[in-house]
Amino acid sequence: MKGILVGAAIGYVLGAKAGRERYDQIVRLWHRFTANPTVRKTAAQAKDKAFEAAVQAKDLAADAAGKAAEKAPWRHQEEETNGKAYTPPVTPRT
């Protein structure tokens, strides 16, 4: 979405400097480019890959956080009052 906005802004600036005809030409070229089935297919594939990478990164981060929590020093300390292992409260994930 940001790429489209940036492209539109650049097209607008270039079009404004070159005149209305050049601006209209740039807009037509941009619409033809974004309507191209190959471009749409490639963009969809890139979006899917990015989503998969984000899911993998989230899972890896969760695993790393779990491992770090297991190694945390407070996991091995005992609470002075009742002798039970102390675990700090869990922060909810967003």
Side-chain angles (χ1 to χ4, degrees):
M1 183 66 176
K2 287 181 186 178
I4 292 172
L5 294 175
V6 168
I10 291 171
Y12 176 78
V13 169
L14 292 175
K17 287 184 179 180
R20 181 68 187 186
E21 290 178 17
R22 180 69 178 142
Y23 172 77
D24 289 339
Q25 181 185 21
I26 292 170
V27 170
R28 281 193 306 274
L29 289 171
W30 178 254
H31 286 295
R32 192 179 331 157
F33 175 76
T34 57
N36 184 315
T38 304
V39 171
R40 288 182 173 265
K41 181 180 176 184
T42 303
Q45 289 173 343
K47 180 181 173 184
D48 292 342
K49 292 269 187 199
F51 181 77
E52 290 173 16
V55 169
Q56 277 185 330
K58 179 186 127 290
D59 293 342
L60 288 173
D63 290 344
K67 288 178 183 177
E70 287 296 320
K71 293 180 180 180
W74 63 79
R75 299 279 295 184
H76 304 292
Q77 294 174 351
E78 292 187 8
E79 217 174 60
E80 292 178 15
T81 56
N82 61 12
K84 292 183 181 178
Y86 171 72
T87 304
V90 177
T91 305
R93 293 182 186 175
T94 56

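No experiment lies behind these values; they were computed from the predicted model shown.
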Let me check something: any side-chain donor-acceptor pairs from residues 39-62 under 3.5 Å, sequence neighbours excluded? List them with distances.
{"from": "Arg40", "atom 1": "NE", "to": "Thr34", "atom 2": "O", "distance (Å)": "3.2"}
{"from": "Thr42", "atom 1": "OG1", "to": "Thr38", "atom 2": "O", "distance (Å)": "2.8"}

same_hphob_cluster(Ile26, Leu5) at 4.5 Å side-chain heavy-atom cutoff: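 Not linked; separate clusters.
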All side chain to side chain contact (heavy atoms under 4.5 Å, CB included) counterparts of Arg32, not counting sequence neighbours: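 Listed in chain order: Leu29.
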